[in-house]
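All of these numbers come straight from a predicted model, not from anything done at the bench. The chain is numbered in sequence order, starting from 1. Quick note: numbers below take in every heavy atom, side chains included, and nothing from hydrogens, waters or symmetry partners.
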Amino acid sequence: MNKIVSNILCLAVATHCWAEDNASCNVGFFTHENPQIQIAVTSEDIEVQRFVNLGLKECLYGHNTGAASYFDEALALDEHCVLAHIGMLMITPLRSDLYREHLKKLNECLDAAPLTPVEEWYVATFIQYLNGDLTGAAKAFQDRAAMYRRDTMAACWDIILNLYAGEAYETLQPRADKLVASCPDAPLAHFCRAIIDQYAAKPSAAALESARKAVSLTEKSIHPVINQLAGHLLYRAGEYSAAKSCFDNTLKAADASSEAHVAALLYQHALSIASGDKNSWVSALKTARTLSEKAPATPPADDGGLLHYWEGKTLLLRMLVLQKTPPGGAAINMAAKSCNAPEGHPLRIVQDCLVESIRARSLAETGRITTATATFTKAEQHLLRLQKEGESYVQTGGITHTCYQRALRACSGALYRAKLALYRDSADIWKPYLDDILNRPEPRMLPPILPHSADKS
């Protein structure tokens, strides 16, 4: 009897899973226009489903401009589409007028919306996420992807959200490989596999393959974020020519104020340095100066502008840190002037730390040890101030935290270079610390956009 009951229960669960699988995924022919990774969306206009799914994919890429365009298209056809309003909430600054508008319309639609059980689950989980429960939402998507094997949209959200929540690579990697195997022609599946390697000091062969595949699958309509990620991974793997091609594509496709565009510019300079050619180095120094001077005068609100402000302003100083021969006083002053961060802003601490570190190294390598020691002490004090400032950035998250992490890494590296020049007799002690910083993965250039990378009200 127990065996019969058990069989009936197994059959019931299997039937339920089959129904859920079909309700979420069997929603039309899988073409480029009608993406394979999708969920069913209730609307009288079938185009709404296509636009909502494309918008959700752009959310996962972290491409807010593209996502907003698709969600707007969906709402133009059906102003009561719940998932489209939720999508707009995920990419709209908190407490902005547009956020309030979509929140109001969402609340009006929720009670009357004829949603399927699958849609209700997605709505509830997205709302959980919007309320700040990243860990809970990530776990919910992981559980759903494991239970409903054909819900590949859930599998994508599982990987991206759990990556942002800090899950270990070792446990994410098998799920990402499985996603690629189930959706071999879906750019988003390959993006999910590639992005989990962006923390790695050396990207895996599988990640590089997926990065290239994602680019090739979208080459007819160049996707800026896919190309930016691929360029980042290829650069880290030493494939500079392929990386340059990806960064060139990003610059063509991305909005000039976007994070992807600014990041591509910055990496192009890194490629010039990595080539080791003297002419490339000189050219990179000149272009770095121009980029530093063109960076916004004050901290802007948008992610791309903020990245440009932090990275562009200090680019010339960071390049002087990498210079093989210690730079002279005129070059250091020029770089500091190009940065010109305002007093009281954390970027000014970064500027002062880099300047004093470079000076300490130059003084030490020219034999002025006493002055170098005093200058090095000032640099250490600036680093301590920066670390104290960073306590608040850990809570802020998003692009601000990413910029801080990158600044901290640059300042620490500059200090160790100065220390190596100042304490040559104990170089064997300090060299491993510098090597560790240089080999450590860079804080990622694609911060978690969702639910909000910063409060820009």
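- Note: Y61 and H223 have tilted aromatic rings, judged against thresholds of 30 and 60 degrees for the angle between ring planes.
- Panel note: side chain D158, backbone A154; no donor-acceptor pair is recorded below 3.5 Å.
- Distance OG1/T125 to CD/Q128: 6.0 Å, rounded to 0.5 Å.
- In this structure a side-chain-to-backbone donor-acceptor pair under 3.5 Å is present from Q351 to A341.
- Using a 4.5 Å cut-off on side-chain heavy atoms (C-beta onward), E239 and L208 make contact.
- Panel note: side chain H190, backbone P184; a donor-acceptor pair is recorded below 3.5 Å.
- At a threshold of 4.5 Å between non-hydrogen side-chain atoms, the residues H85 and L75 count as touching.
- When the shell of 6.0 Å around CD of E209 is examined, it contains 12 or fewer heavy atoms from other residues, nucleotides or ligands.
- Judged purely by atom type and a 3.5 angstrom limit, T314 has no side-chain atom pairing as donor or acceptor with the backbone of L317.
- For the side-chain contact (heavy atoms from CB on, under 4.5 Å) with E356, the qualifying choice from T375, I332, L415, L383 is T375, the only one to do so.
- By the 4.5 Å heavy-atom criterion applied to side chains, Y70 and V52 are not counted as neighbours.
- By the 30° and 60° cut-offs, the orientation of the rings of F141 relative to F126 is tilted.
- In this structure, the side chains of V118 and Y122 come closer than 4.5 Å at one or more pairs of heavy atoms.
- R193 places no side-chain N or O within donor-acceptor distance of the main-chain N or O of A189, the cut-off being under 3.5 Å.
- Looking only at side-chain heavy atoms (C-beta outward), I226 and L217 stay at 4.5 Å or farther from each other.
- The existence of a salt bridge linking E365 and R361 is confirmed by a sub-4.0 Å separation between a basic side-chain nitrogen and an acidic carboxylate oxygen.
- Listed here is the closest heavy atom pair of H382 and I349: O-CG2, 3.1 Å.
- With respect to the salt-bridge test (charged N to carboxylate O, under 4.0 angstrom), the residues E47 and R50 qualify.
- By the side-chain contact (heavy atoms from CB on, under 4.5 Å) test, D248 pairs with K244, Q268, sequence neighbours left out.
- Between D197 and Y169, some side-chain heavy-atom pair lies under the 4.5 Å cut-off.
- With sequence neighbours excluded, the residues forming a side-chain contact (heavy atoms from CB on, under 4.5 Å) with A67 are E58, C59, F71, I91, listed by chain and number.
- A salt bridge links R318 to E311: one of the charged nitrogens lies within less than 4.0 Å of a carboxylate oxygen.
- In this structure a side-chain-to-backbone donor-acceptor pair under 3.5 Å is present from S216 to K213.
- The main-chain N or O of T65 is never found under 3.5 Å from a side-chain atom of S69 such that the two would form a donor-acceptor pair.
- Using modelled atom types, one side-chain atom of S182 and one backbone atom of L179 make a donor-acceptor pair closer than 3.5 Å.
- A cation-pi arrangement is present between R144 and W121, with the terminal nitrogen or guanidinium carbon under 6.0 Å from the aromatic centre and inside a 45° cone about the axis.
- Smallest separation of non-hydrogen atoms from L354 and A414: CD2-CB, 3.9 Å.
- Judged by distance alone, the side chain of N227 and the main-chain N or O of T250 form no donor-acceptor pair under 3.5 Å.
- More than 12 heavy atoms of other residues, nucleotides or ligands lie within 6.0 Å of CZ in R348, so this atom counts as buried by the packing criterion.
- Residues N249 and E219 are not in side-chain contact: their nearest non-hydrogen atoms beyond the backbone lie 4.5 Å or more apart.
- Within the 4.5 Å cutoff, side-chain heavy atoms of I358 are placed close to those of P327.
- L89 contributes atom CG, which lies 8.5 Å from atom CG of L98 (distance to the nearest 0.5 angstrom).
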